[in-house]
Amino acid sequence: MADGGFNTEELLKQEDPLLEKSFHSGNPAYKAAKFKYLKSRLDYYEKELKRTGVNKQLLWQEYMESDSTGYSYPQFTYHLRQQLIF
């Protein structure tokens with residue numbers, strides 16, 4: 001066991017978002033309204049990516065049309081990748 005009751009081997013096996021959650025579960029960025037909105041759409045985006053002719057850029061443009069104050073393209077794709085991993 002590592003300091004704080006954490007098992008070092010188990011921590012090293014975790015993906016970055018899970019690891020971060022272990023130490024910073026109260027990150028306010030994940031409680032923001034724009035994150036909640038994006039999160040509510042991630043299943044839809046994941047399904048759309050399986051369609052012919054649909055790519056991340058197209059989905060981001062659609063996302064920005066629905067929320068002009070939304071995440072930048074790199075942030076959008078980061079959150080989308082996290083969805084696809086889990």
Side-chain angles (χ1 to χ4, degrees):
M1 287 284 188
D3 291 345
F6 293 103
N7 181 310
T8 304
E9 288 181 24
E10 290 301 315
L11 291 174
L12 291 172
K13 292 178 187 176
Q14 292 184 5
E15 296 288 332
D16 287 345
L18 294 175
L19 184 59
E20 182 177 334
K21 184 177 180 184
S22 296
F23 294 98
H24 304 288
S25 61
N27 186 335
Y30 294 109
K31 295 178 183 175
K34 74 178 181 177
F35 178 74
K36 289 179 182 181
Y37 174 73
L38 175 60
K39 187 176 177 184
S40 75
R41 308 281 298 156
L42 288 175
D43 286 336
Y44 164 76
Y45 296 140
E46 182 176 4
K47 288 177 188 173
E48 287 296 297
L49 276 174
K50 295 175 183 173
R51 295 180 58 203
T52 302
V54 176
N55 59 38
K56 293 174 186 174
Q57 180 72 33
L58 183 63
L59 292 176
W60 178 72
Q61 289 170 345
E62 181 181 313
Y63 162 70
M64 290 304 291
E65 288 174 8
S66 66
D67 182 5
S68 63
T69 63
Y71 290 107
S72 66
Y73 181 73
Q75 289 174 309
F76 174 83
T77 58
Y78 170 81
H79 291 299
L80 185 55
R81 275 192 312 273
Q82 298 310 307
Q83 170 77 10
L84 298 174
I85 290 172
F86 301 107

Contact summary for [X] and [Y], nearest pair of heavy atoms:
| X | Y | value |
| --- | --- | --- |
| Ser66 | Tyr37 | OG-OH, 2.8 Å |
| Gln83 | Asp43 | NE2-OD1, 2.7 Å |
| Lys34 | Tyr71 | CE-CE2, 3.6 Å |
| Leu84 | Glu46 | CD2-CG, 3.5 Å |

### Query
Hey, which of Glu62, Lys56, Gln61 is the one that makes side-chain contact (heavy atoms from CB on, under 4.5 Å) with Leu58?
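Single side-chain contact (heavy atoms from CB on, under 4.5 Å) partner of Leu58 among Glu62, Lys56, Gln61: Gln61.
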### Task
With the side chain counted from C-beta on, respond yes when Phe76 and Leu38 share a heavy-atom pair under 4.5 Å apart, and no when they do not.
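When only atoms from C-beta onward are counted, Leu38 and Phe76 do touch, with a gap below 4.5 Å.
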### Query
Given side chains that start at C-beta, do those of Leu49 and Tyr45 come closer than 4.5 Å, heavy atoms only?
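With C-beta onward as the side chain, the pair stays apart.
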### Task
To the nearest 0.5 Å, tell me how far Met64 CE sits from Leu59 CG.
13.5 Å
### Task
Could you grab the distance from atom NZ of Lys47 to atom CZ of Arg51, nearest 0.5 Å is fine?
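Separation between the atoms: 12.5 Å.
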### Task
Applying ring-ring contact (aromatic ring centres under 6.0 Å, His included) between His79 and each of Phe35, Tyr73, Trp60, Tyr63, report the one that passes.
Phe35
